[in-house]
Structures are given as structure tokens and as C-alpha cells.
2 protein chains.
Amino acid sequence: MSPTPEERRAARHQFGTVASPPTARRGPSRGSKQPITVDAIIDTAFGIVAREGYDALTMRRLATALETGSSSLYAHVVNKEDLDELLIGRLCAEIDLPEPDPGAWREQIVGVCAQLRDQYLRYPGISQAAFAAAPSNLDTLRLSEGMLAILLAGDIAPQTAAWAIDALTLYVNAYCLEASLENRRPGRDEILRRFAALPDTFPQTKRYAAELTSGTGHDRFDFTVRLMIDGLV
Amino acid sequence: MSPTPEERRAARHQFGTVASPPTARRGPSRGSKQPITVDAIIDTAFGIVAREGYDALTMRRLATALETGSSSLYAHVVNKEDLDELLIGRLCAEIDLPEPDPGAWREQIVGVCAQLRDQYLRYPGISQAAFAAAPSNLDTLRLSEGMLAILLAGDIAPQTAAWAIDALTLYVNAYCLEASLENRRPGRDEILRRFAALPDTFPQTKRYAAELTSGTGHDRFDFTVRLMIDGLV
DNA sequence: GTATTAATACGAGCGGCGTTCGTATGATGC
DNA sequence: GCATCATACGAACGCCGCTCGTATTAATAC
């Protein structure tokens, strides 16, 4: 009996893949349609999120894209939450972790955060899933292990390093989640107009409306990440 | 004609309440049941979230608690998103903003962040709604106005102050969102056990497992907020 | 060569969600 | 007394995640 989805999930949290013997395929494979695999599910899911955003990723929608029924997915994935974890896992797995260089730890950490940010932004809204992702997933642990190694090489105290990693990843998640919601909001011009129309009980907001609404590109992101990193010993 | 929910929402974003004349109540009011009002809806919603968490707050569930049908809510609230905004608005409205004291701006900002955190934590998961909340809501603007005033009094450059407020509120949101998901996760003991069972490709994680899983109470929160604030000029 | 068995696939259906629509209710102004 | 109109609400629509019973297929055992 090949591993159930539950067993696969457990393996992702506990040990490296048990390398279950690739049991020869059985079961129906009507016509030219290729069989459903976990990888195919993940690939298709990423496609949907990239094109239509995370909210469009439903089990039914995903099944339709795979030309099957939603119930078929549950033979490969425990539930939606499990699918989310698989997506976040793959995302983290693709982060390039540099060999720690004691003289360049700040740039290295900034680089990792930027990579993570760009991965999230490629798949709008997926950071929602990142918040729920369990901290014991092997792929996400690989990421924190790499960040920890960089900070330790930079002579940061272990406790400080651990909390800094938490703070940084939490901020990256939040920044990307907010960024993915930005299209639902009024544009900068509209906000400036509303700020100008505010009553005089909002003097600072009116006066510094430009500063409050500025931050094109990733200026705000860079500002905050640097703020945190420069504060480390 | 008394204001439609849409008009009420617009008022929250544009101008102070237009103080629509409190038209005497009309319509059915069968038996002793008191009429549905926006305030009653908000109060009941907070009760549900406080007791059962944000995910339990559905329009149907809310309507049931008010002893009515879900469709009745739409006479007072535009939609679920609007309800979320009302909740976040009230939450922000209850934050106590101190008179800016140039000599105590750090403590003042920390205090405001801690208040915000405690408000969010009182209603588990509600920070999900905070992410989506539009930045032009009057109650949330009052909060950022107050924080801006504190930072400016501390001689922080306007642009730095604006971005710092963004970073701080984003972090508070993220921290509280993660905190509300914590009960779904394995406890600290279980995580330590898993870390110990990791392969040797995770040397730092294994060695500093204690540091990585520490941070009872709000230690991690305090660490990060101080990290950001101390980095300001 | 045939029967057995395990793996896979999937349609139908359950309960719940946000939201809309048509209609009923009843206090108010004339 | 009657028309008006804010208010209230049941029924239904199209989604959602998920489960269950069953059908299909390929490897295996005899």
C-alpha cells in the first residue's frame, strides 16, 4: 500500500522522505490522460494562484483545471490546509541560501528576505497560507536554519538571532499580504484627495499626506528590513 | 429616507457623521424584541469573536445570535467586509492616544502598540480583518494621526515617521494573527521533540532549539517593537 | 488464463458560506 | 382610514470543503 496523504504529510514534518519504494502504478488511467500526482497538483495550484490570486484557489477550481472531480484530490492531499502547506513548502524550497559570510551577514539576510518577498509576490495572496503554515515543516525549517546560520556567523547572540528571524519572516509575510490586497484599495491619488478633505482634527495626516502615501516599489520594505537588521548588535 | 448602509460607509471614510436626523423608528417590531441596529450588530459580533474566534463570525451565525435571519443584516451593513471594517474601526476607536510628550515618545509609541495588541488579542483572529481594512477609515486614521503626532514630537523626520507607523502596525497585525493561530499548532514540548529528531543537516536548529522556541508572554513582541523603535533617529 | 486484490478515480451529496430578491409587517403623515 | 415607506425576513442561488459508495484498472496469485 503506497503512503496515504496523511503519511506523506507526517514525513514532511518528522523525517526526510522515507523513500517509499516507487510502487508501480495501478488503477485507472483512462485514455491519454496522465495520472494525478502530488507534483501535478502543486504545479497546477501555483498556476491558478499566479494567474488569478490565492482566493481563486479552491479545491473544485483546482480539480477542474486537472480535468477531474474535487474528490479525487483527497487521495493525494489531506485537505486544503495540507495543500497550502505544500505550496509554502515548495516556495521555501526554492529560496537560495548563501554560504554564511561573517563579513556580509547583513547583505545576506536582506537578500534572503528579498527572495522570500519576491516569491510571495509572484503568487498574490499566498502569504495568507504562510501564516498558517506549521513551523515544523522541513522546507520552512531549512529556511530558518539558513537564516540562523547567517546571523550566527555575524556574531549575533543566539536568542537575538532567533527572535530576529521570527520578526523578519513575520514582517515579510505581512508586507506581502498587504501588497496582495492593494488592488482592492483606492489609488494613491484618491487617498490624497480624501486626506485633503479631512477635518482639522487630523492636522498631521493632512500636512504629511505625501509622506504617508509614499513608498513606491519596495522602499517601505527596504526601510523596515534595514530598520530591524541595523538594530541587531 | 434614512441612510442606506452604503451611505453610512461612505460617511466613515469621507466626513464626520452627517448626523442624520434620528428618524423615529418604523417598521415591524414583533413582540418584545428590540430592533436591530448597527451598534447591536457590532456588539453581538464582538461577543461571538471573543467567545469563539473570528472564523466563527459568519453572517448566519451573527443573525442567529440576534434572533433573526441573515438577510436582515444587510439592511444595516453593506456586506461582510463592511462588518469587518466596523469592527476594526471600533477597536481602533477605543485606543487611548496620549498627548505627545517629546521626552517620552518611545514609551508612548510602545504603549500605543501594546494597547493595539491587547485589543486584537481580546478578539482572536480579528487581525485577519485588520489587514483588509481600508486605510481611509476615520477611526483607523485617528490612530495613525495620533502615532504620527507622537513620533513628530520626538523629532523623527516625517518620512521616517510615516514608514515606521506602517511597519509597526503591520507587525502588530501579523503578531496577533500568528498568536491567534497558535492553538492549532503543536505545543512547545512537541516542537522541541521534533527539532531533536531532525537530521544533522539542521545543526543550528538542533543546537539552538531552546532559543528558537522561547518567548513566553510578549517577549518576542517587545523585542521586535523595541528593535524598530530604537532604530529611529 | 483466470480470479483476486490493491490502488486509483470520481459522481453525488452534505452542511455551510455570502448574498439577493420578493414579500410581509406595521408605525407614520395626510 | 389610507397610502407611504423604513424595516424585517424566508427562500433560494451559486459557491465552498469534504465524505462516501462505487466503478475502473493493473499487478499479482493461482
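Residue numbers begin at 1 in each chain, while the letters A, B, ... track the order of the sequences.
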- Starting from C1' on C:dT25, measure out to CD1 on B:Ile36 and report it in whole angstrom. 14 Å
- Message: Check this one for me: any side-chain N or O of B:Thr68 less than 4.0 Å away from OP1 or OP2 of D:dA8?
- Response: no
- Specify the separation, in whole Å, of atom CD of B:Glu67 and atom C1' of D:dA8. 14 Å
- Does the side-chain contact (heavy atoms from CB on, under 4.5 Å) test come out yes or no for B:Asp55 and B:Gln128, once each step is laid out? CA-CA 10 Å; B:Asp55 288 344; B:Gln128 281 173 60; 3.8 Å; yes
- Residue-phosphate contact under 4.0 Å: B:His76 side-chain N/O, D:dT7 OP1/OP2: no
- Item | Sidechain-backbone polar pair: B:Arg185 side chain, A:Pro135 backbone, donor-acceptor under 3.5 Å | no
- Message: For DNA chain C, which residues of residues 39-47 of chain A approach it to below 4.0 angstrom with any heavy atom?
- Response: none
- Give a yes or no on this: more than 12 heavy atoms of other residues, nucleotides or ligands lie within 6.0 Å of atom CD of A:Gln115. yes
- Query: Just how far, in rounded Å, is P of D:dC16 from CG of B:Asp55?
  - Reply: 18 Å
- Message: To the closest 0.5 Å, what do you measure between CD (B:Glu85) and OG (B:Ser136)?
- Response: 7.0 Å
- Query: Under 3.5 Å, side chain of B:Arg188 to main-chain N/O of B:Ala210, donor-acceptor pair present?
  - Reply: yes
- Query: What is the distance from atom CZ of B:Arg12 to atom OG1 of B:Thr140, rounded to the nearest 0.5 Å?
  - Reply: 10.5 Å
Scan nucleotides 18-22 of chain C against the protein and return all N/O pairs shorter than 3.5 Å with their distances rounded to 0.1 Å.
unit_1 : atom_1 : unit_2  : atom_2 : d
C:dG18 : OP1    : B:Met59 : N      : 3.4
C:dG18 : OP2    : B:Met59 : N      : 2.8
C:dG18 : N7     : B:Arg60 : NH1    : 2.4
C:dG18 : O6     : B:Arg60 : NH1    : 3.0
C:dG18 : O6     : B:Arg60 : NH2    : 3.1
C:dT19 : OP2    : B:Tyr74 : OH     : 2.9
C:dT19 : OP2    : B:Lys80 : N      : 2.7
C:dT19 : O5'    : B:Tyr74 : OH     : 3.4
C:dT19 : O4     : B:Ser70 : OG     : 3.4

- Item | Rounded interatomic separation in angstrom, taking CG from A:Asp84 and C1' from D:dC18 | 15 Å
- Task: Check step by step if side-chain contact (heavy atoms from CB on, under 4.5 Å) holds for B:Asp139 and B:Ile88.
- Result: CA-CA 8 Å; B:Asp139 291 310; B:Ile88 298 300; over 6 Å; no
- Task: Could you tell me whether the phosphate oxygens of C:dC10, OP1 or OP2, come under 4.0 Å of any side-chain nitrogen or oxygen in A:Ser72?
- Result: yes
- Query: Can you find a pair of side-chain heavy atoms, one from A:Val112 and one from A:Leu168, that are under 4.5 Å apart?
  - Reply: no
